[in-house]
Amino acid sequence: MLERDALIARLPKCELHIHIEGSLEPELMFELAARNGVQLPWPDVETLRRAYAFNSLQDFLDVYYVGMSVLVTERDFFDLAFAYLKRARADNVAHVEMFFDPQGHTVRGVSFATVVNGLHAACTKAREELGVGASLIMCFLRHLEEADAHATLDEALRHRDKIIGVGLDSSERGHPPEKFARVFRRAGDAGLNLFAHAGEEGPADYVWQALDVLGVKRVDHGNRALDDDVLVARLARERVPLTVCPLSNLRLKVVDDMRRHPLKRMMDKDLKVTVNSDDPAYFGGYINDNFRAVSSALDLSETEIVALARNSFSAAMMDEDERTTALARFEAVVRGG
Ligand code: HPA
Ligand code: ZN
């Protein structure tokens, strides 16, 4: 193994941008389809994999929403999340904040409680049995109406103790953060942490809105922020973390070549960058695959790789005792050579 890859494998890290429905591997998708009597539009795993040729975020989302239709029971959600958490443990992930998309399920008649209880049970078991800290961030689907998001927040507040925050995902262009200003205000008033996808396909202005209109603490993706020097200076000064997803960017054609991925330029501009997998079952890799792909394409130094992993601990929503302990363990691994 290359020295760089061995370092990536060894470093503890947090994953802060993973859509749990995007960790649904084709084999599990077909198993759950059979379990639940759901008819998929693909005859087998090979045909499904051939459908993973995306030219845009929307191309991917069209497959993603069909794929998640096999998730029906609490046990399905548990199995999905626990499979991902075991895989994350193998990549030395110490702490996960996972997104989920309740509206992708409630629209099909699956109750909010079924979704959140299954996922939350997997997070609890991961903490106890795998030693991986795991928590849930509920995302609003931005292509749907604001009223729908309000109704989803009403449901979420009945499960307030199982969720650490809210996010904003799905089709970005034409659905600016400001569309969700009021529902984010309500979520913030309830003490939930606030996150949003911004600047993946949408313009730098959407990153401004995420910060100033929604009040987010962390920006998911944020690639297009680099179009605006004033915004970059703001993100650097305020140490706003960006959850960057290199293989996702490549597969959704946000970047045309990994050698031109903006991650190193972001780091050189003093942005707090983290590396994440987004939808690992669809984009060809889990978190360490993302670290390896971007480190190799951009020829990152060991110091840069360590900095990226260290950033994930300062960007995580841990309580301060937990963060101190996790960072001490991280620095010990770094010193261990
Ligand atoms: N972007 C926006 N919405 C999403 C994504 C993504 O990469 N994955 C799942 N929902
Ligand atoms: Zn995402």
Side-chain angles (χ1 to χ4, degrees), residues 14-25 29 51-69 71 77 80-81 84 88 96-105 107 115 119 136-144 148-149 152 165-177 179-180 194-203 206-207 209-210 214 216 218-225 241-255 261-263 273-287 289-290 294 312 315:
C14 306
E15 175 135 72
L16 307 176
H17 187 157
I18 155 82
H19 301 263
I20 198 60
E21 295 91 342
S23 74
L24 178 56
E25 290 287 350
M29 192 191 294
Y52 293 179
F54 311 118
N55 283 307
S56 66
L57 172 58
Q58 193 60 51
D59 273 0
F60 155 67
L61 291 169
D62 291 344
V63 175
Y64 170 79
Y65 292 121
V66 174
M68 69 171 75
S69 69
L71 297 161
F77 288 93
L80 172 73
Y84 160 74
V96 177
E97 294 168 17
M98 69 174 76
F99 295 131
F100 70 109
D101 284 328
Q103 290 159 293
H105 311 300
V107 71
V115 178
L119 297 176
L136 297 174
I137 299 172
M138 176 188 81
C139 284
F140 301 116
L141 298 183
R142 67 201 305 161
H143 68 278
L144 300 178
D148 230 305
T152 304
V166 299
L168 187 62
D169 67 1
S170 192
S171 321
E172 186 179 10
R173 276 192 288 228
H175 301 286
K179 176 175 165 187
F180 297 93
L194 307 177
F195 312 95
H197 284 53
E200 180 184 18
E201 286 188 344
Y206 285 14
V207 180
Q209 288 184 27
L214 302 186
V216 304
R218 204 161 71 200
V219 172
D220 297 310
H221 296 295
N223 299 45
R224 296 284 302 279
L242 303 183
T243 61
V244 174
C245 305
L247 287 171
S248 165
N249 292 160
L250 188 67
R251 295 294 279 265
L252 300 187
K253 307 241 185 331
V254 169
V255 300
H261 193 281
L263 176 135
V273 180
T274 66
V275 172
N276 307 271
S277 69
D278 210 3
D279 299 281
Y282 290 92
F283 299 151
Y286 286 79
I287 190 166
D289 299 311
N290 276 272
V294 78
S312 73

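Everything numeric here is computed off the predicted structure, so don't read it as measured data. Start at 1 with the first residue, then count along the sequence. Whatever order the structure lists ligands and atoms in, that order sets their numbers, starting from 1.
Between Arg218 and Glu97 there is a salt bridge, since a side-chain N of the basic residue sits under 4.0 Å from a carboxylate O of the acidic one.
Not one N/O/S atom of Cys245, from backbone or side chain, sits under 2.8 Å from the Zn ion (ligand 2).
None of Asn249, Asn276, Val254 except one satisfies the side-chain contact (heavy atoms from CB on, under 4.5 Å) rule with His221; the exception is Asn249.
With ligand atoms numbered from 1 in the order given, ligand 1 contributes 7 (O) to contacts under 4.0 Å with heavy atoms of His221. With ligand atoms numbered from 1 in the order given, ligand 1 contributes 4 (C), 10 (N) to contacts under 4.0 Å with heavy atoms of Leu61.
The shortest N or O to N or O distance between His17 and ligand 1 is not below 3.5 Å. Residue Asp279 has at least one nitrogen or oxygen atom sitting less than 3.5 Å from a nitrogen or oxygen atom of ligand 1, judged on distance alone.
For the pair NE2 of His197 and OD1 of Asp278, the angle at the Zn ion (ligand 2) is about 170°; rounding is to 10 degrees. Seen from the Zn ion (ligand 2), atom NE2 on His17 and atom NE2 on His19 lie at an angle near 110° (rounded to 10 degrees).
One distance of note links CZ of Phe77 with NE2 of His105; it measures 4.0 Å at 0.5 Å rounding. Separation of atoms CG (Leu80) and CZ (Phe100) is listed at 12.0 Å; rounding is to 0.5 Å. For the atom pair Glu21 CD and Ser69 OG, the distance stands at 12.0 Å (nearest 0.5 Å). Atom CG of Asp148 is separated from atom CG of Leu141 by 8.0 Å, given to the nearest 0.5 angstrom.
Of all protein heavy atoms, the one closest to atom 5 (C) of ligand 1 is His19 NE2, 3.5 Å. At the shortest separation from atom 7 (O) of ligand 1 among protein heavy atoms lies Asp278 OD2, 2.7 Å. Remark: minimum distance from atom 3 (N) of ligand 1 to any protein heavy atom is reached at Ser170 N, 2.9 Å.
Counting heavy atoms under 4.0 Å from ligand 1, residue Phe60 touches it through the side chain alone. Neither the backbone nor the side chain of Glu21 comes within contact range of ligand 1; no heavy atom lies under 4.0 Å. Contact annotation for Glu200 and ligand 1: only side-chain heavy atoms (C-beta onward) come within less than 4.0 Å of the ligand.
Counted by atom type alone, Glu15 and Ser277 present one or more donor-acceptor pairs between their side chains at under 3.5 Å.
Residue contact annotation: Gly22 has no non-hydrogen atom under 4.0 Å from ligand 1. Taking a 4.0 Å cut-off on heavy atoms, Asp220 fails to register as neighbouring ligand 1.
Under the 6.0 Å cut-off for aromatic ring centres, His197 and Phe99 qualify, their centroids lying closer than that.
The minimum heavy-atom distance linking Phe195 with Val216 is given by the pair C-CG1, 3.6 Å.
Between Tyr64 and Tyr282, the angle of the ring planes goes over 60°, which puts this pair in the perpendicular group of the 30/60° scheme.
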